[in-house]
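Written below as structure tokens is the structure these notes are about.
Since the model is a prediction, treat every value here as computed from it, not as a measurement.
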Amino acid sequence: AHKNQWFIDFQNYVLMYNGLTIMGPLPQVRMYPDLAKSWEISPDGREYTFPLREGVKFHHGKELDSGDVKYSIERVMNPATRSPRAFAYQWIDSVNIIDKYHLKIRLKEPFGPFLTTLTIQNCPIIPAGWEPTGMKPAPGTGPFVFKSFVPNETTEFIRFDQYWEVDEKTGDRLPYLDSIYVKKIVDPTVRWTALRAGDMDYIQDPPKKVSVEAMKNPVPGVVLVMTQPVGNQWIYINTSRPPFDNKKVRQAIAYAVDKNELIKAAHWGLGEPINNQPFLNRSRMYIPVEDREVNLAKAKQLLAEAGYPDGFKMEFFQFSGTTYDLDACQVVIGQLSKIGIEGTIKVVDRAPFVESMRKGDYNISVRGDSERLDPDDAYYLYLHSGEIDKNNYSRYSNKELDALLEKGRTTWKWEDRVPVYRKVVEKIQDDLPILYLAKSIIPIAYRDYVKGHGGGASTWFGYYGGGMKMVWLD
């Protein structure tokens, strides 16, 4: 806990741990109390008071108290821990214990998305004084207890009989399953075959072609669920390099890219286009703006005005870890060829890819990223000039946008933040340092005796009101 940052780590964490807060179903991703019963925010937005649930037990028998929460947060903040999530707590001034079941967190200044930083992604709550290792994780308060782990192969969990949460509909104590056995199977076809053979009860991300066919012609004994679209796919455009430093070139690219065609061709139709922001139009965080319609004549006109009447050649910079972005890249190259832009692809391993992107040693790249929990989470890291050489791969620098992003994160009332982010999205729509493309639908499939899963948060093993803790076998 506290040192890992990959999605599979998070999947394990939601089985084993709890945070102070927990995210709700897609696409709203609202924040709910988890180990905290509620919260109270001071009028100036700088103090958060949390009453904790009483009688919550860790897996080794100790009762949760405010000292455990304080220890966990400060462990993430401690440079000696080297937590990749420490940046999320740069706003914390102090964590103070009021009594056994109450604590107060004081911020250096208001931080609008602070409640989103208290989820399991950043800070699983562990017992005070515990120093976990890779092979011996700390006890948690979650629905399942860690049992065994074979690196890159399997992880096994067993039911925690003293888990604190109950099913609100039935009043039964959760979880229902006695154990969960997670097996790593990289090939989606092999996963699907194992499910059909009955060797697996549940899988994620079966082959897209198979999923589409199974929706038309259901497979006996198998339930296929098309979940809410999740994550994001976009195009990073290096605004510090010609010709991409010319806004008209970036706009020409946007007019030439057909997002719906891309979803059909690269993702078998399993996705939804996104409009100048990483949120669906039914999300509470969506800002209505007019998206560009595909217009090749307009795209060619903009290229001519920018000094490229015959187009130009360019190289897409990609990494080899996933076909998801490479397939989309191929489609985009085909679309841009219609306006005279000739594209090729350079593929490297992940480590040199990240290093080159941070340094700005690339031109353009199709990339995917995880679900964003807040507008600050969506824009600041990627577009603030202070993040150049770190997370702002577009190397975009705009003082007006910087000021808006700073105001958005230090304004803590949601109704006051909305007008700020409306201006942010309008600026993105015009300047296009990032061209947002689509959210992907990642199907899940399970045997028909698996009940209660839902799928309200795509492939996440845990979220408010759902996940593996709710599953039972009929």
Considering only residues two or more places apart or on different chains, which pairs with a residue in residues 224-241 satisfy salt bridge (charged side-chain N to carboxylate O under 4.0 Å, His left out)?
R241-D361
Would you list the pairs meeting salt bridge (charged side-chain N to carboxylate O under 4.0 Å, His left out) in which at least one residue belongs to residues 322-331, sequence neighbours left out?
D325-R367
Salt bridge (Lys or Arg N to Asp or Glu O under 4.0 Å) partners of R292, counting only residues at least two apart:
none
Just distance, no hydrogens or angles: give the donor-acceptor pairs under 3.5 Å from side chains in residues 462-474, sequence neighbours left out.
| from | atom 1 | to | atom 2 | distance (Å) |
| --- | --- | --- | --- | --- |
| Y463 | OH | G456 | N | 3.1 |
| K469 | NZ | E165 | OE1 | 3.0 |
| K469 | NZ | E165 | OE2 | 3.4 |

Residues forming a salt bridge (Lys or Arg N to Asp or Glu O under 4.0 Å) with E213, sequence neighbours excluded:
none
In short, salt bridge (charged side-chain N to carboxylate O under 4.0 Å, His left out) pairs touching residues 244-263 with sequence neighbours left out are K247-D430, K247-D431, K248-E305, K259-D291
Considering only residues two or more places apart or on different chains, which pairs with a residue in residues 338-359 satisfy ring-ring contact (aromatic ring centres under 6.0 Å, His included)?
F317-F353, F319-F353
Residue pairs passing the ring-ring contact (aromatic ring centres under 6.0 Å, His included) test with at least one member in residues 251-299, sequence neighbours excluded, are H267-Y324
Tell me, please, which residues at least two apart from K298 pass salt bridge (Lys or Arg N to Asp or Glu O under 4.0 Å).
none
Salt bridge (charged side-chain N to carboxylate O under 4.0 Å, His left out) partners of residues 265-280, not counting sequence neighbours, each pair once:
E272-R282
Please name all residues satisfying salt bridge (Lys or Arg N to Asp or Glu O under 4.0 Å) with R447, sequence neighbours left out, ordered by chain then number.
none
Listing request: all ring-ring contact (aromatic ring centres under 6.0 Å, His included) pairs with a residue in residues 191-215, at least two apart in sequence or in separate chains.
Y202-H453
